[in-house]
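The structure appears below as structure tokens.
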2 protein chains.
Amino acid sequence: MSTNNSSDSGRRPEASTQPRNWLQPFLLLSIQQWQSHGYELMQRLSVFGFEAMDPGSVYRTLRQLERDGLVSSDWDTNSSHGPARRVYSLTESGETYLQTWASALRGYQSMLDSFFKSYATDAGDRRGET
Amino acid sequence: MSTNNSSDSGRRPEASTQPRNWLQPFLLLSIQQWQSHGYELMQRLSVFGFEAMDPGSVYRTLRQLERDGLVSSDWDTNSSHGPARRVYSLTESGETYLQTWASALRGYQSMLDSFFKSYATDAGDRRGET
DNA sequence: TCATGTAGATGCATACTGCACCTATTGGCA
DNA sequence: TGCCAATAGGTGCAGTATGCATCTACATGA
């Protein structure tokens with residue numbers, strides 16, 4: 001009962017958000033491949049489908065990854081212009097952690113597969129209900 | 001089996017966690033298909049690859065979905081044994097919202113695809129290293 | 001009448017995230 | 001020279017989500 005006719009039926013809050021902590025594995029992978037600094041990594045993330053990332057999230061995540069020993073950073077003061085950059089590279093722990101993340105992401109992948117298996121089936125099936 | 005790499009930084013936090021709010025679309029889809037109650041839905045989630053879900057999260061999410069008008073519930077007092085159950089069904093808003101979620105999940109799917117495209121490439125590359 | 005299984009729900013501490021805001025360096029240009 | 005924009009990195013805060021523990025309540029069988 002109680003068909004809650006709240007006027008905000010058009011809520012689309014998380015639908016535009018990436019699952020939170022995915023930033024971590026995508027950053028790790030990006031660092032593994034490009035060994036770049038935060039500002040650039042932030043832009044490279046778009047390759048993976050991230051839209052505009054919040055700089056705060058990216059820098060905070062990177063510092064956290066370094067505190068955890070998964071990446072290490074050096075200052076690059078030879079940049080052509082602009083302030084010095086903190087250039088990141090993966091540590092061995094980071095490589096291992098990335099592997100762990102990869103297998104977790106495989107899990108999410110199969111969850112999505114099963115979701116769309118059911119969703120697609122249902123979409124074709126619907127309206128034939130008794 | 002979450003081979004807990006114990007070496008130095010023994011953090012293995014999110015690798016075992018599903019992206020948070022995915023509970024929502026998977027619950028919506030489950031309700032659409034089975035029109036069941038929380039306790040059972042909680043068990044059905046394992047079909048999609050969710051491990052043991054926290055009951056608190058499931059019930060809280062369901063009540064929230066109802067507050068938002070995406071599902072509606074009726075009490076089923078005819079259960080063979082045990083207390084009454086709150087049986088959920090999708091509202092039209094819920095159907096729409098599920099569609100929105102589905103397209104978001106498609107996005108995550110393609111993010112995972114691009115992740116593994118890069119990851120696989122890199123893995124093959126690194127193994128070829130002498 | 002008590003323990004157990006079923007069913008639903010809440011409170012709290014912590015964690016994550018988005019947003020706003022801040023510092024600093026370099027170079028262009030009026 | 002002084003100012004602004006672009007580049008680069010970072011912090012604080014508030015809102016939300018989550019895991020865990022805990023609680024109520026019903027039904028049944030011993």
Side-chain angles (χ1 to χ4, degrees), chain A residues 2 8 11-27 31 34-45 50-68 71-88 101, chain B residues 11-27 30-31 34-45 50-68 71-88 101 104:
Chain A
S2 77
D8 66 343
R11 70 194 297 275
R12 36 104 190 83
E14 308 82 355
S16 60
T17 312
Q18 3 277 343
R20 284 80 182 129
N21 39 17
W22 284 22
L23 192 52
Q24 266 193 43
F26 281 89
L27 276 178
I31 290 168
W34 290 306
Q35 258 152 10
S36 193
H37 58 281
Y39 191 81
E40 196 179 36
L41 286 168
M42 200 163 39
Q43 297 165 338
R44 302 256 199 199
L45 283 175
F50 286 86
E51 323 224 326
M53 278 307 301
D54 174 44
S57 298
V58 173
Y59 289 121
R60 234 185 291 117
T61 301
L62 286 170
R63 305 300 284 130
Q64 183 63 51
L65 289 173
E66 186 167 24
R67 268 193 298 276
D68 294 339
V71 301
S72 61
S73 67
D74 291 288
W75 284 103
D76 170 19
T77 51
N78 292 335
S79 64
S80 52
H81 90 157
R85 320 155 156 181
R86 196 186 276 279
V87 178
Y88 289 94
W101 255 114
Chain B
R11 71 195 299 276
R12 36 95 186 91
E14 309 83 355
S16 60
T17 311
Q18 5 277 345
R20 284 82 182 128
N21 38 16
W22 284 22
L23 192 52
Q24 266 193 42
F26 281 88
L27 277 178
S30 299
I31 291 168
W34 289 306
Q35 260 149 9
S36 194
H37 57 281
Y39 191 81
E40 197 180 35
L41 286 168
M42 200 164 38
Q43 297 166 337
R44 304 255 198 199
L45 283 175
F50 285 85
E51 323 223 328
M53 278 307 301
D54 174 45
S57 298
V58 173
Y59 288 120
R60 234 184 291 115
T61 302
L62 286 170
R63 307 298 286 130
Q64 182 62 52
L65 288 173
E66 186 168 22
R67 267 193 298 275
D68 294 339
V71 301
S72 61
S73 67
D74 292 288
W75 284 102
D76 170 19
T77 52
N78 291 336
S79 64
S80 52
H81 87 160
R85 315 154 159 183
R86 196 186 277 278
V87 179
Y88 289 93
W101 255 114

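Throughout, a chain's letter reflects where its sequence line sits, starting with A, and its residues are numbered from 1.
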If you check every side-chain atom of B:W75, which of C:dA7, C:dA9, D:dG19 has the closest atom? C:dA9

Residues two or more places apart in sequence or in another chain: which of them pass side-chain contact (heavy atoms from CB on, under 4.5 Å) with B:Y39? B:H37, B:M42, B:Q43, B:Y59

Could you list, one pair per line, each protein nitrogen or oxygen that sits under 3.5 Å from a nitrogen or oxygen of nucleotides 22-25 of chain D, together with the distance?
none

What integer distance in Å separates A:D54:CG from C:dC16:C1'? 12 Å

Tell me: CG of B:N21 to C1' of C:dA15, nearest whole Å? 14 Å

Look at the side-chain N and O atoms of B:R85 and state whether any lies under 4.0 Å from the OP1 or OP2 oxygen of C:dT6. no

Interatomic distance, B:Q64 CD vs C:dT10 C1' [rounded to whole Å]: 14 Å

Rounded to the nearest Å, what distance is computed from the CZ atom of residue A:R63 to the P atom of nucleotide D:dG9? 10 Å

Could you give the CG-to-P distance, from B:L41 to C:dA9, as a whole number of Å? 12 Å

Scanning both residues in full, the closest heavy-atom pair of A:G38 with A:V58 reads O-CG1, 4.2 Å

Closest-nucleotide ordering on DNA chain D, the 5'-leading residue of B:P55 and A:P55: A:P55

Side-chain N or O of A:Y39 less than 4.0 angstrom from OP1 or OP2 on D:dT7? yes

note: A:H37, atom NE2; C:dT25, atom P; distance rounded to Å ~ 17 Å

Can you name the nearest heavy-atom pair linking A:S73 to A:E66, along with the distance? OG-OE2, 2.8 Å

Hey, does the side chain of A:R86 come within less than 4.0 Å of D:dG9's phosphate (OP1/OP2), counting only N and O? no

Could you tell me which residues satisfy salt bridge (Lys or Arg N to Asp or Glu O under 4.0 Å) with B:R44, sequence neighbours excluded, listed by chain and number? B:E40

Could you tell me whether the side chain of B:R60 has a donor or acceptor atom within less than 3.5 Å of a complementary atom in the base of C:dG11? yes

Heavy-atom closest pair, residues A:L45 and A:F26: CD2-CB, 3.9 Å

Is there a side-chain contact between B:R85 and B:W75, using heavy atoms and a 4.5 Å cut-off? no

Please report the shortest heavy-atom distance between A:I31 and A:L62, naming the atom on each side. CD1-CD2, 3.8 Å

Whole-Å gap separating P (C:dC16) and CG (B:L23): 18 Å

Taking atom P of D:dG12 as reference, at what distance in whole Å does atom OH of A:Y59 sit? 17 Å

